[in-house]
Number of protein chains: 2
Amino acid sequence: MTKQLSKNEQAILIFKALADPVRLEILHYLKQCDHDVSCGEVGQAIGISKTSGSYHFKLLQTAGLITARKESREKYVALDQSTFEQVVGHFWDNL
Amino acid sequence: MTKQLSKNEQAILIFKALADPVRLEILHYLKQCDHDVSCGEVGQAIGISKTSGSYHFKLLQTAGLITARKESREKYVALDQSTFEQVVGHFWDNL
DNA sequence: ATAATAGTTCAAAATATTTTGAACTATTTA
DNA sequence: TAAATAGTTCAAAATATTTTGAACTATTAT
């Protein structure tokens, strides 16, 4: 059961997720990929430990900025711009 | 001499500024005002100390989310949506 | 000149976020 | 079955952010 968030709470989640250089690097890497890629690949590409990666991917996922699918051992992630558009697009209206 | 920021650094500054409930309250209050208002008025309205207010107003100002003008003893602040539009509007393009 | 008022600055304390490494689960390969 | 691989979880350590109160500047009012 995932708690239902208000517009503001959701916005804060997204802004927090975006307010970090490592996570922007992740998103930047994902943007260059048309296909979805494994967490390991991304982590290696930007040079972070897998523990740290796990932490950041979870945050991005919770914020709705990436989608993730588990295939056997690996987790494949991809950019999801739609949440951003929805929440940040109407940010000033909802404020 | 204010350091020149990259697009990403500016974006992080804005996202950090927006990733906080107190600062969203400030922006929310400012949104309701057509005129600019004193820091004291805002602080009182949302119930924060003036020291804390000073801290948050500085952050918002640095991020370019508010404008400020000093008139005699008081500092009048107002919403500035334009920076947000410029930086966040092209966020995915610049990423 | 003295008081009061609006806001800033500073350093310390309180909180929150991020990184790290070890131990863990689950899956695949030898 | 045993070893290797991908990722998660946990708690501790390292950092970063936020709050607090006292001391400060500058302006206005008595």
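To find a chain, count down the sequence lines: A is the first, B the second, and so on, and within it residues start at 1.
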Considering residues at least two apart in sequence or located in another chain, which fulfil the salt bridge (Lys or Arg N to Asp or Glu O under 4.0 Å) criterion with B/E9?
B/K3
Can you sort out the partners of B/D36 under salt bridge (Lys or Arg N to Asp or Glu O under 4.0 Å), two or more places apart, ordered by chain and number?
B/R69
Where do N or O atoms of nucleotides 19-21 of chain C meet protein N or O atoms at under 3.5 Å, pair by pair?
from: C/dT19; atom 1: OP2; to: A/S52; atom 2: OG; distance (Å): 3.4
from: C/dT19; atom 1: OP2; to: A/H56; atom 2: NE2; distance (Å): 2.4

Quickly work out the [X] [atom1] to [N] [atom2] distance and round it to whole Å.
| X | N | atom1 | atom2 | value |
| --- | --- | --- | --- | --- |
| B/I46 | D/dT18 | CD1 | P | 13 Å |
| B/R23 | C/dA16 | CZ | C1' | 13 Å |
| B/L59 | C/dG7 | CG | P | 18 Å |
| A/I26 | C/dT18 | CD1 | P | 11 Å |
| A/F57 | D/dT8 | CZ | P | 9 Å |
| B/R69 | D/dT27 | CZ | P | 16 Å |

Think [X] has a side-chain N or O under 4.0 angstrom from the OP1 or OP2 of [N]?
| X | N | value |
| --- | --- | --- |
| B/K75 | C/dT8 | yes |
| B/K16 | D/dT17 | yes |
| B/K70 | C/dA6 | no |

Mind telling me if D/dA3 is syn or anti? Syn here is a glycosidic angle within 90° of 0.
anti
Nearest 0.5 Å please: distance from the OG atom of B/S49 over to the CD atom of B/Q44.
12.5 Å
Got a second to check how far A/C39's SG is from A/F57's CZ, nearest 0.5 Å?
4.5 Å
Which comes earlier along DNA chain D counting from the 5' end, the contact point of A/K58 or that of A/E74, where each point is its nearest nucleotide?
A/E74
What residues in residues 33-44 of chain A put a non-hydrogen atom under 4.0 Å from any atom of DNA chain D?
A/S38, A/C39, A/G40
What residues in residues 8-15 of chain A put a non-hydrogen atom under 4.0 Å from any atom of DNA chain D?
none
Measure across [X] and [Y] and return the closest heavy-atom pair with its distance rounded to 0.1 Å.
| X | Y | result |
| --- | --- | --- |
| B/K70 | B/R73 | CE-O, 3.8 Å |
| B/I46 | B/V22 | CD1-O, 4.2 Å |
| B/A17 | B/L65 | CB-CD1, 3.7 Å |
| B/L60 | B/L27 | CD2-CD2, 4.1 Å |

Same cluster or not: A/V77 versus A/Y29, using hydrophobic residues (I, L, V, M, F, W, Y) connected whenever any side-chain heavy atoms lie under 4.5 Å apart?
yes
The side-chain contact (heavy atoms from CB on, under 4.5 Å) partners of B/K31 (sequence neighbours excluded) come to A/L95, B/L79
Are a donor atom and an acceptor atom from the side chains of A/S6 and A/N8 found within less than 3.5 Å of each other?
no
Applying side chain to side chain donor-acceptor pair (under 3.5 Å), can you list everything that pairs with B/E85, at least two apart in sequence or on another chain?
B/Q81
According to the Watson-Crick and G-U wobble definition with distances under 3.5 Å, which dot-bracket string, read 5' to 3', encodes DNA chain C, using [ ] for crossing pairs and | for pairs with another strand?
||.|||||||||||||||||||||||||||
If you count the non-hydrogen atoms of other residues, nucleotides and ligands that lie under 6.0 Å from CD in A/E41, is the total more than 12?
yes
Would you mind listing the cluster partners of A/L13? Hydrophobic ones only (ILVMFWY), side-chain contacts under 4.5 Å, chaining allowed.
A/L5
Could you list all N or O pairs between the protein and nucleotides 24-29 of chain C that sit under 3.5 Å apart?
from: C/dT27; atom 1: O2; to: A/R73; atom 2: NH1; distance (Å): 3.4

Can you run down the side chain to side chain donor-acceptor pair (under 3.5 Å) pairs that involve residues 52-64 of chain A, sequence neighbours left out, and say none if there aren't any?
A/R23-A/H56, A/Q61-A/K75
With B/F91 via ring pair (Phe, Tyr, Trp, His ring centres under 6.0 Å) - residues at least two apart:
A/F84, B/F15
